[in-house]
Amino acid sequence: MGLRFLADQCVPIVAIETLRDVGYEVWYLRDLLPIESPDRVVISKAQELKLILISMNGDFANIFNYPPANYQGIIALQVRNHPEVLTQIVSRLKDYLSVNPDTEHYRGKLFLVEVHRIRIRQ
């Protein structure tokens, strides 16, 4: 099975479409839950469906509130109030995913995707 994702409501559709265009299965939050769903409900839905969560919500990057070991995988896009870098960040993520296509690589980890690097927390 290929990589499968749940994109939080804050993830722009262009990022979702970019990943879908290269063959990844990406569910948009609003297709599964009300967009105002609390973070705990969102992450629980990702776990229930065995999806890696993609978000721009800084809360999911907090390893104390969301310990990576407890989840299928969390990818936090680090745009930091600079929407002009989104294309670069999504491109970096897409390249990383193509080199690391195994779902197990993401389990129990938080990936902080920045313009010039990807940091991994466990």
Side-chain angles (χ1 to χ4, degrees):
M1 174 179 4
L3 294 173
R4 301 170 62 230
F5 304 94
L6 171 61
D8 197 0
Q9 60 89 17
C10 56
V11 176
I13 194 71
V14 67
I16 295 166
E17 289 174 351
T18 298
L19 295 176
R20 285 178 176 167
D21 286 347
V22 292
Y24 297 111
E25 181 181 337
V26 185
W27 290 87
Y28 205 13
L29 175 72
R30 68 178 174 212
D31 295 332
L32 302 172
L33 295 168
I35 60 170
E36 65 278 351
S37 295
D39 291 347
R40 293 271 178 215
V41 172
V42 172
I43 196 85
S44 292
K45 180 56 82 172
Q47 284 302 102
E48 173 191 331
L49 299 175
K50 295 184 170 47
L51 302 173
I52 299 165
L53 179 67
I54 300 177
S55 184
M56 288 173 45
N57 177 344
D59 293 346
F60 290 116
N62 183 325
I63 62 172
F64 298 106
N65 292 335
Y66 299 97
N70 296 345
Y71 302 105
Q72 195 74 18
I74 301 171
I75 296 174
L77 305 179
Q78 304 289 286
V79 176
R80 297 192 179 116
N81 296 321
H82 292 283
E84 69 276 7
V85 301
L86 181 65
T87 302
Q88 293 169 291
I89 288 173
V90 172
S91 180
R92 176 164 300 284
L93 174 60
K94 185 178 70 164
D95 292 346
Y96 187 87
L97 297 173
S98 70
V99 174
N100 299 282
D102 183 19
T103 301
E104 285 302 312
H105 176 75
Y106 301 88
R107 188 180 321 276
K109 296 176 186 165
L110 166 66
F111 296 81
L112 300 162
V113 184
E114 301 172 347
V115 173
H116 300 291
R117 65 182 175 172
I118 296 178
R119 293 181 293 141
I120 302 170
R121 301 282 186 257
Q122 295 183 337

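Position 1 is the first residue of the sequence, and the numbers go up from there. Quantities reported herein were computed from a predicted structural model and do not represent experimental measurements. Worth knowing before you read on, the calculation uses all heavy atoms, side chains too, and leaves out hydrogens, waters and symmetry mates.
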*Can you see which heavy atom on Arg40 is nearest to which on Asn65, and at what distance?*
NH2-O, 3.1 Å

*Report the distance from atom CD1 of Ile89 to atom OG1 of Thr18, rounding to the nearest 0.5 Å.*
12.5 Å

*asked:* Are Ile16 and Leu19 linked, directly or through intermediate hydrophobic residues, by side-chain heavy-atom contacts shorter than 4.5 Å (ILVMFWY only)?
replied: yes

*Which residue pairs satisfy the salt bridge (Lys or Arg N to Asp or Glu O under 4.0 Å) criterion with at least one member in residues 12-21, sequence neighbours excluded?*
none

*To the nearest 0.5 Å, tell me how far Ser44 OG sits from Tyr71 OH.*
7.0 Å

*Which atom names give the shortest non-hydrogen contact between Asn57 and Cys10, and what distance separates them?*
N-SG, 3.4 Å

*Are Val90 and Val85 linked, directly or through other ILVMFWY residues, by side chains that come within less than 4.5 angstrom of each other?*
yes

*Which heavy-atom pair separates Pro34 from Leu29 by the least distance, and what is that distance?*
O-CD2, 4.4 Å

*So how far is it from Leu6 CG to Gln47 CD, rounded to the nearest 0.5 Å?*
10.5 Å

*Answer yes or no: is there a side-chain heavy-atom contact under 4.5 Å between Ile74 and Pro68?*
no

*If we only count heavy atoms from C-beta on, is the Met56 to Pro12 side-chain gap below 4.5 Å?*
yes

*Are Leu32 and Val41 linked, directly or through other ILVMFWY residues, by side chains that come within less than 4.5 angstrom of each other?*
yes

*What is the minimum heavy-atom distance between Arg92 and Glu114, and which atoms define it?*
CD-O, 3.2 Å

*Taking the inter-plane angle between the rings of Phe111 and Tyr106 on a 0 to 90° scale, is it parallel (under 30°), tilted (30 to 60°) or perpendicular (over 60°)?*
tilted

*Check: Ile43 and Asn70 side chains under 4.5 Å, non-hydrogen atoms*: no

*Taking every non-hydrogen atom, the tightest pair across Leu110 and Phe60*: CD1-O, 3.9 Å

*asked:* With rounding to the nearest 0.5 angstrom, report the CD1 to NE2 distance, Ile120 to His105.
replied: 5.0 Å

*asked:* Just verifying a value: how many Å separate Arg107 CZ and Lys50 NZ, rounded to the nearest 0.5 Å?
replied: 8.0 Å

_Would you compute the distance between atom CD of Gln9 and atom CG of Leu33 and round it to the nearest 0.5 angstrom?_
11.0 Å

*Do any N or O atoms from the side chain of Tyr28 and from the backbone of Val11 form a donor-acceptor pair under 3.5 angstrom?*
yes

*Is Leu112 reachable from Ile54 through a run of hydrophobic residues whose side-chain heavy atoms are each under 4.5 Å from the next?*
no

*Are Ile75 and Leu93 side-chain neighbours, meaning at least one heavy-atom pair lies under 4.5 Å?*
yes

*Taking all non-hydrogen atoms of both residues, which atom of Ala7 and which atom of Val26 are closest, and how far apart?*
CB-CG1, 4.0 Å

*Is Arg4 reaching over with its side chain to a backbone N or O of Leu49, donor-acceptor style, under 3.5 angstrom?*
yes

*Any pair counted as salt bridge (Lys or Arg N to Asp or Glu O under 4.0 Å), so long as it reaches residues 51-67, sequence neighbours left out*: none

*Does Trp27 belong to the same Ile/Leu/Val/Met/Phe/Trp/Tyr cluster as Val22, with side-chain heavy atoms less than 4.5 Å apart forming each link?*
no

_For a 4.5 angstrom cut-off between non-hydrogen side-chain atoms, does Thr103 reach Leu3?_
yes

